[in-house]
Amino acid sequence: MGDRVVYSAELVEVGGGYELTVTDHGSGVVRTARVKESAVKRLPVFLEKLAQQHGASVR
């Protein structure tokens, strides 16, 4: 069985703010939320912690 995209996320700068869109490829559900700049700035730290907890690396 090959790799399969389960979820995907896109962060877009919109009108001076940020919008996060997450797509569930299994159900086709798409969710969108406005995201504060402070949260966007913390994303690299969050990804690194998530990777460490699961023995993965951030690419």
Side-chain angles (χ1 to χ4, degrees):
M1 183 172 167
D3 292 347
R4 177 175 71 92
V5 175
V6 179
Y7 285 93
S8 61
E10 182 177 58
L11 182 65
V12 179
E13 189 173 5
V14 178
Y18 296 92
E19 188 171 272
L20 177 65
T21 300
V22 177
T23 303
D24 178 337
H25 292 275
S27 68
V29 172
V30 177
R31 292 187 172 93
T32 302
R34 297 289 287 181
V35 180
K36 292 182 180 181
E37 183 176 1
S38 60
V40 171
K41 288 181 177 181
R42 291 191 315 262
L43 279 174
V45 173
F46 173 74
L47 290 173
E48 187 64 41
K49 285 182 181 181
L50 187 62
Q52 287 175 357
Q53 289 175 353
H54 297 281
S57 61
V58 176
R59 297 186 279 172

- Using salt bridge (charged side-chain N to carboxylate O under 4.0 Å, His left out) as the criterion, list what pairs up with Glu37, not counting sequence neighbours.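 Per chain and number, Glu37 pairs via salt bridge (charged side-chain N to carboxylate O under 4.0 Å, His left out) with Lys41.
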What pairs with [X] under side chain to side chain contact (heavy atoms under 4.5 Å, CB included), at least two apart in sequence or on another chain?
X     : value
Ala33 : none
Val40 : Leu11, Tyr18, Val35
Val45 : Lys49
Gln52 : Glu48

- Query: Among Val22, Thr21, Thr23, Val30, whose side chain to side chain contact (heavy atoms under 4.5 Å, CB included) with Ser8 holds?
  - Reply: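 Looking at Val22, Thr21, Thr23, Val30, the match for Ser8 under the side chain to side chain contact (heavy atoms under 4.5 Å, CB included) is Thr23.
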- Mind jotting down which residue pairs meet the salt bridge (Lys or Arg N to Asp or Glu O under 4.0 Å) criterion with at least one end in residues 4-20? Sequence neighbours excluded, please.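 Of all non-adjacent pairs touching residues 4-20, none passes salt bridge (Lys or Arg N to Asp or Glu O under 4.0 Å).
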- Rounded to the nearest 0.5 Å, how far does CG of Leu20 lie from CZ of Arg34?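 So the gap between those two atoms works out to 11.5 Å.
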- Item | side chain to side chain donor-acceptor pair (under 3.5 Å) partners for Ser57, two or more places apart |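 For Ser57, no residue satisfies side chain to side chain donor-acceptor pair (under 3.5 Å) once neighbours in sequence are set aside.
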